[in-house]
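Encoded as structure tokens, the structure appears first; notes follow it.
Labels below follow one simple rule: chain letters A, B, ... track the order of the sequence lines, proteins then strands, and each chain is numbered from 1. The figures here come from the full heavy-atom set of this structure, side chains too, leaving out hydrogens, waters and symmetry mates. Predicted, not measured: the structure shown is a model, and the values here were computed from it.
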There are 2 protein chains.
Amino acid sequence: MLKTKKRYDCAAGCPVEVTLDLIDGKWKGVIVYHLLSGTLRFNEIRRKLPSATQRMLTRQLRELEECGLVLRTVYAQVPPRVDYALTEEGRSLEEIVRAMHAWGERRLERLAQVQAAA
Amino acid sequence: MLKTKKRYDCAAGCPVEVTLDLIDGKWKGVIVYHLLSGTLRFNEIRRKLPSATQRMLTRQLRELEECGLVLRTVYAQVPPRVDYALTEEGRSLEEIVRAMHAWGERRLERLAQVQAAA
DNA sequence: ACCAGTAGTATCACAATGGATACTGTCGGA
DNA sequence: TCCGACAGTATCCATTGTGATACTACTGGT
């Protein structure tokens with residue numbers, strides 16, 4: 001999960017790696033998925049990913065911000081308020097993320113069937 | 001890169017994670033991408049990913065095999081010959097991997113433009 | 001006799017990632 | 001007055017991922 005990978009020297013398959021680099025890392029894919037439905041505040045995301053620690057979430061969100069996939073808006077309020085939204089580039093991942101979601105669901109179904117048979 | 005993750009407790013976004021789990025890890029996405037074009041032998045893959053070490057490749061291939069995405073066929077020959085091909089489930093990733101490839105290319109173009117402007 | 005190609009494994013070491021826990025400061029509500 | 005919500009930081013430690021290097025065993029070619 002390098003912020004910007006130094007070298008992409010793997011020739012032909014490379015662009016695949018570029019994309020994976022941005023959305024791998026434990027929670028990033030899921031965060032993007034949730035943000036597809038609209039802007040969320042920090043603790044809203046937190047509630048959607050109960051098993052992620054606070055530290056992990058901020059880290060992943062910061063990385064997404066660095067890559068230009070997520071826009072972070074801080075309101076000068078008390079109590080603090082921070083909104084997270086997808087940038088245009090982030091939203092352009094929609095097709096991929098939705099495809100991964102659908103595929104994952106099918107995979108889970110398959111696994112459940114195998115489990116049931118055994 | 002857990003072989004089979006124990007728990008998927010992240011509620012709604014979960015299937016996204018399931019999919020990412022299978023294809024993250026430095027080389028797996030790219031390996032699947034190359035295998036979309038057809039069966040490859042070990043050293044053929046190696047030549048396509050010159051910056052991956054031999055050990056890394058075998059590990060990633062083994063994990064893909066464990067997940068049921070890749071079929072590994074060993075021929076009882078000398079010199080040894082091992083073929084790697086996508087299983088049906090592996091091939092069902094085609095849409096996603098191609099989408100990632102296309103997106104990655106667009107991203108690289110964008111980055112190049114920014115670079116050129118600066 | 002020697003070398004390259006085949007598909008790996010073994011060992012060691014380091015860097016990156018992930019997670020647990022505790023802490024910040026202000027506000028509104030009970 | 002004390003507590004919880006807000007959006008984080010700081011610190012430390014364990015786990016994983018990744019990489020470098022060296023090794024196996026056999027064969028065919030020069």
Side-chain angles (χ1 to χ4, degrees), chain A residues 1-10 17 20-31 34-35 39-67 70-85, chain B residues 1-10 17 20-31 34-35 39-67 70-85:
Chain A
M1 203 166 15
L2 316 154
K3 32 287 357 243
T4 315
K5 216 186 196 173
K6 317 86 190 169
R7 22 165 229 168
Y8 291 107
D9 44 13
C10 66
E17 231 195 307
L20 267 176
D21 251 18
L22 298 178
I23 55 176
D24 76 355
K26 203 76 182 173
W27 307 103
K28 288 202 252 179
V30 193
I31 292 172
H34 284 297
L35 286 179
T39 300
L40 291 173
R41 298 183 55 172
F42 183 78
N43 274 0
E44 287 176 326
I45 299 176
R46 206 140 99 86
R47 277 188 288 270
K48 287 185 187 282
L49 305 177
S51 55
T53 61
Q54 197 171 20
R55 179 173 162 278
M56 268 299 111
L57 270 194
T58 55
R59 287 172 74 87
Q60 304 273 301
L61 284 165
R62 287 309 198 293
E63 286 178 24
L64 287 169
E65 194 195 357
E66 265 182 69
C67 309
V70 157
L71 188 69
R72 180 166 173 270
T73 315
V74 184
Y75 295 89
Q77 296 181 356
V78 152
R81 167 185 183 155
V82 181
D83 280 0
Y84 291 94
Chain B
M1 208 166 7
L2 316 154
K3 34 281 5 244
T4 316
K5 216 183 191 175
K6 315 85 192 172
R7 26 167 222 164
Y8 291 106
D9 44 12
C10 66
E17 231 193 307
L20 267 176
D21 253 17
L22 299 178
I23 55 175
D24 77 358
K26 201 80 184 171
W27 307 103
K28 289 202 251 178
V30 194
I31 292 172
H34 284 297
L35 286 178
T39 300
L40 291 173
R41 299 182 56 172
F42 183 78
N43 274 359
E44 287 176 324
I45 300 177
R46 207 139 98 85
R47 279 188 286 269
K48 287 185 187 284
L49 305 177
S51 55
T53 61
Q54 195 170 24
R55 179 171 161 278
M56 267 301 108
L57 270 193
T58 56
R59 287 173 74 88
Q60 305 270 303
L61 284 164
R62 287 306 198 295
E63 286 177 26
L64 288 169
E65 193 194 359
E66 266 182 68
C67 309
V70 157
L71 189 69
R72 180 167 173 270
T73 316
V74 183
Y75 296 89
Q77 296 182 355
V78 150
R81 168 185 180 154
V82 182
D83 280 0
Y84 292 93

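Taken to the nearest 0.5 Å, the CD1 atom of A:Ile31 stands 5.5 Å off from the CG atom of A:Leu57. To the nearest 0.5 Å, atoms CD (A:Gln60) and CD1 (A:Ile23) are separated by 12.0 Å.
Checking D:dG19, D:dA7, C:dC27 against the side-chain heavy atoms of A:Pro80 singles out D:dA7 as nearest. If you check D:dT18, C:dG18, D:dA7 against the side chain of A:Met56, the one that comes closest is C:dG18. Set against C:dT6, C:dG19, D:dG19, the side chain of B:Trp27 has D:dG19 as its closest nucleotide. Closest to the A:Arg41 side chain, of the nucleotides D:dA7, D:dG8, D:dG19, is D:dA7. Nearest to the side-chain atoms of B:Asn43 among the listed nucleotides C:dA7, D:dA7, D:dG19 stands C:dA7. Among D:dG19, C:dA7, D:dA7, the nucleotide with an atom closest to any side-chain atom of B:Thr53 is D:dG19.
Within 4.0 Å of B:Tyr75, counting heavy atoms only, lies no atom of the nucleic acid at all.
For the pair A:Leu49 CG and C:dG18 C1', the computed distance is 15 Å after rounding to whole Å. With rounding to whole Å, A:Gln77 atom CD is found 13 Å from C:dT26 atom C1'.
For the OP1/OP2 pair of C:dC12 and a distance below 4.0 Å, the side-chain nitrogens and oxygens of B:Arg55 include no atom meeting the criterion. Under 4.0 angstrom from either OP1 or OP2 of D:dT9 there lies at least one side-chain N or O belonging to A:Arg62. Within the structure, a side-chain polar atom (N or O) of A:Gln60 is placed less than 4.0 Å from OP1 or OP2 of C:dG18.
With the nearest nucleotide of DNA chain C identified for both B:Pro79 and A:Arg59, B:Pro79 has the one nearer the 5' end.
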Are A:Ile45 and A:His34 close enough, and set up right, to give a side-chain contact (heavy atoms from CB on, under 4.5 Å), and what steps lead you there? CA-CA 8 Å; A:Ile45 299 176; A:His34 284 297; over 6 Å; no
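In this structure a side-chain-to-backbone donor-acceptor pair under 3.5 Å is missing from A:Glu65 to A:Val70.
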